[in-house]
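What follows is a set of notes on a single structure, which appears directly below.
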Amino acid sequence: MTRPDPFPFDRLSRRPDVEGPDLVASDAADRLILDESADLRAGAPAGSIVAIGDTHGALALAAAHDGARDVRVHQDALAGEQAIARNAEELGLSDRVRVVGLDADAVRDARVVLLRLPRALDALRDVAGLISAHASPDVVVVAGGRLKHMTPTMNDVLGEHFGRIDISHARQKSRVLFAREPRDGRDPAPAEGRESELEIRAFGGAFAGARLDHGTRLLLAHLPEHPAGGSPEDPLIDMACGTGAVAAHLAKRHPAASVYASDQSAAAVASARATAAANGVADRVEVVRDDLLASRAAASVSFVALNPPFHSGAALTERLALRLFADAARVLRPGGELWCVWNSGMRYRGDLERLVGPTRQVARDAKFTVTVSTRR
């Protein structure tokens, strides 16, 4: 593989993903993964290189820039997928990469897998099992991350599905793990949990796993007894639905209601669909993968429930929640309500007043606040 000029990392953009001075499209861990995999990639046949967890395309596009063809790339977040496509077009590499879902075809016969280590061990376990089940027997997984987000348990999880784990030297506060000799492969299956009468299903990487997080539990306890809407044209909406616990709760509590759940995470969407099925409400809960509520018309719904995320990858940021608030306001009819739970330390009430409308506190405990905002 002939090496061209160095890959222009500075040209990568996060758009349309949330942007900010503390949010980057690539980092030192990406560069270390690429450097440590250079010889492996140089000898890999076309179509045998896969990048997983590649947030905005640094791994897949740099491999393509170095000469690789038909590079498969998976990113859980829809905004990240869109950023990869945009960056590929900007760099003239669209014909060398293709975005794939996280399934058997994503890693089938792969020889080199470039992996950004997920923070959730269950997500890593899903990826490792899938690779070991369907990749080439001589596959090498080059898995890297920032030291502050890596733990020795990650070695153990990879060791469940690979016979040999090697560790690189640290560089720029990053490190790489090499996994070889795949074994005990399996396709991902959702974890199962139950809280009261609610069944919860969660694939690896879905927020909170197969249980209710504290904020969601507080929100469910205080949702209105008779929310407006619920028709197929004006469904009850679970925005940023995660495992779909709120959507399933709404559908079970209101047996005649239609419910619409949306999340940009592929793992969340798969989890929410499994949760709806486990609760016997899949016929009334529509789950879509979408950026915010982009598929919904403006001023078209009466009720939105939201437990907003406050991390983009590993970075703490309020920008995600503000985008969610603004889009909830866009789809709500005048007089419609946004029921929201948030970490009290984030102090979102002023933002909700500004972006949505008059906001009152419904409940508060030591960590979380539940509010209802009425669309102006």
Side-chain angles (χ1 to χ4, degrees), residues 1-12 25-75 80-81 83-85 87-100 102 104-118 124 127-128 130-132 134-146 150 158 161-172 174-182:
M1 188 181 297
T2 302
R3 293 234 169 184
D5 294 334
F7 181 72
F9 290 99
D10 59 340
R11 291 182 58 189
L12 292 178
S26 66
D27 62 16
D30 293 320
R31 292 167 174 79
L32 184 59
I33 291 170
L34 290 163
D35 287 348
E36 292 287 352
S37 67
D39 290 342
L40 294 167
R41 290 186 286 114
S48 68
I49 296 176
V50 179
I52 297 176
D54 189 9
T55 59
H56 300 90
L59 300 177
L61 295 176
H65 175 83
D66 286 348
R69 293 187 176 275
D70 193 23
V71 180
R72 288 167 279 178
V73 55
H74 172 74
Q75 165 55 19
E81 272 191 13
I84 291 170
N87 286 326
E89 183 175 359
E90 288 287 327
L91 296 171
L93 296 169
S94 297
D95 61 337
R96 295 195 175 198
V97 299
R98 55 187 172 103
V99 175
V100 296
L102 190 62
D105 287 338
V107 296
R108 196 176 309 280
D109 300 324
R111 301 285 187 88
V112 180
V113 177
L114 311 176
L115 171 65
R116 278 302 300 249
L117 287 164
L124 179 58
V127 171
L130 188 69
I131 295 169
S132 61
H134 300 287
S136 170
D138 61 357
V139 66
V140 181
V141 181
V142 186
R146 304 291 280 167
M150 296 177 68
L158 286 172
H161 295 289
F162 294 89
R164 176 181 170 185
I165 308 297
D166 298 307
I167 305 172
S168 76
H169 293 295
R171 190 183 81 190
Q172 293 181 296
S174 303
R175 191 185 296 279
V176 160
L177 309 177
F178 298 89
R180 297 176 171 89
E181 301 172 11

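- Minimum heavy-atom separation, Phe7 to Ala58: CE2-O, 4.3 Å.
- Asp166 is linked by a salt bridge (charged side-chain N to carboxylate O under 4.0 Å, His left out) to Arg164, Arg180, counting only residues two or more places apart in sequence or in another chain.
- The closest side-chain heavy-atom distance from Pro8 to Leu91 is below 4.5 Å.
- Side-chain contact between Leu34 and Phe9 is present, with heavy atoms from C-beta onward closer than 4.5 Å.
- Counting heavy atoms from C-beta on, the side chains of Leu115 and Leu124 come closer than 4.5 Å.
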Could you go step by step and tell me if Leu117 and Leu177 meet the side-chain contact (heavy atoms from CB on, under 4.5 Å) rule? CA-CA 9 Å; Leu117 287 164; Leu177 309 177; 4.2 Å; yes
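- Residues Ala44 and Ile49 come closest through the heavy atom pair CB-CG1, 3.9 Å.
- A pairwise comparison of heavy atoms in Ala51 and Leu59 identifies CB-CB, 4.1 Å as the closest pair.
- Atom CD of Gln172 sits about 8.5 Å away from atom CG of Leu32, to the nearest 0.5 Å.
- To the nearest 0.5 Å, atoms NE2 (His134) and CG (Asp105) are separated by 8.5 Å.
- Across every non-hydrogen atom of His74 and Val100, the tightest pair is ND1-O, 3.0 Å.
- Residues satisfying the side chain to side chain contact (heavy atoms under 4.5 Å, CB included) test with Ala29, not counting sequence neighbours, are Asp27, Arg116, Arg146, Ser174.
- Looking at heavy atoms from C-beta onward, Arg41 lies in side-chain contact with Asp66 at the 4.5 angstrom threshold.
- From Ile131, atom CD1 reaches atom CZ of Arg108 across 13.5 Å, with rounding to the nearest 0.5 Å.
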Could you go step by step and tell me if Asp54 and Leu114 meet the side-chain contact (heavy atoms from CB on, under 4.5 Å) rule? CA-CA 8 Å; Asp54 189 9; Leu114 311 176; over 6 Å; no
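- Of all non-hydrogen atoms in Arg69 and Arg96, the two that sit nearest each other are NH2-NH2, 3.1 Å.
- We find the OG-CG distance between Ser132 and Leu158 to be 10.0 Å, quoted to the nearest 0.5 Å.
- Between the side chain of Arg11 and the main chain of Glu90, a donor-acceptor pair closer than 3.5 Å is present.
- Between Glu89 atom CD and Asn87 atom CG the span is 10.5 Å, to the nearest 0.5 Å.
- For the pair Val107 and Ile52, the minimum side-chain heavy-atom distance is below 4.5 Å.
- With contacts defined as side-chain heavy-atom distances shorter than 4.5 Å, the pair His56/Leu12 does not qualify.
- Ser168 and Glu36 get closest at one heavy-atom pair: CB-OE2, 4.0 Å.
- Put simply, the side chain of Val97 reaches to within 4.5 Å of the side chain of Leu61, judged on heavy atoms.
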Listing, residues 135-143 side-chain donor-acceptor contacts under 3.5 Å, not counting sequence neighbours, or none:
unit_1: Ser136; atom_1: OG; unit_2: Asp138; atom_2: N; d: 3.3
unit_1: Ser136; atom_1: OG; unit_2: Asp138; atom_2: OD1; d: 2.4

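- Interatomic distance, Ile84 CD1 to Arg98 CZ, rounded to the nearest 0.5 Å: 13.5 Å.
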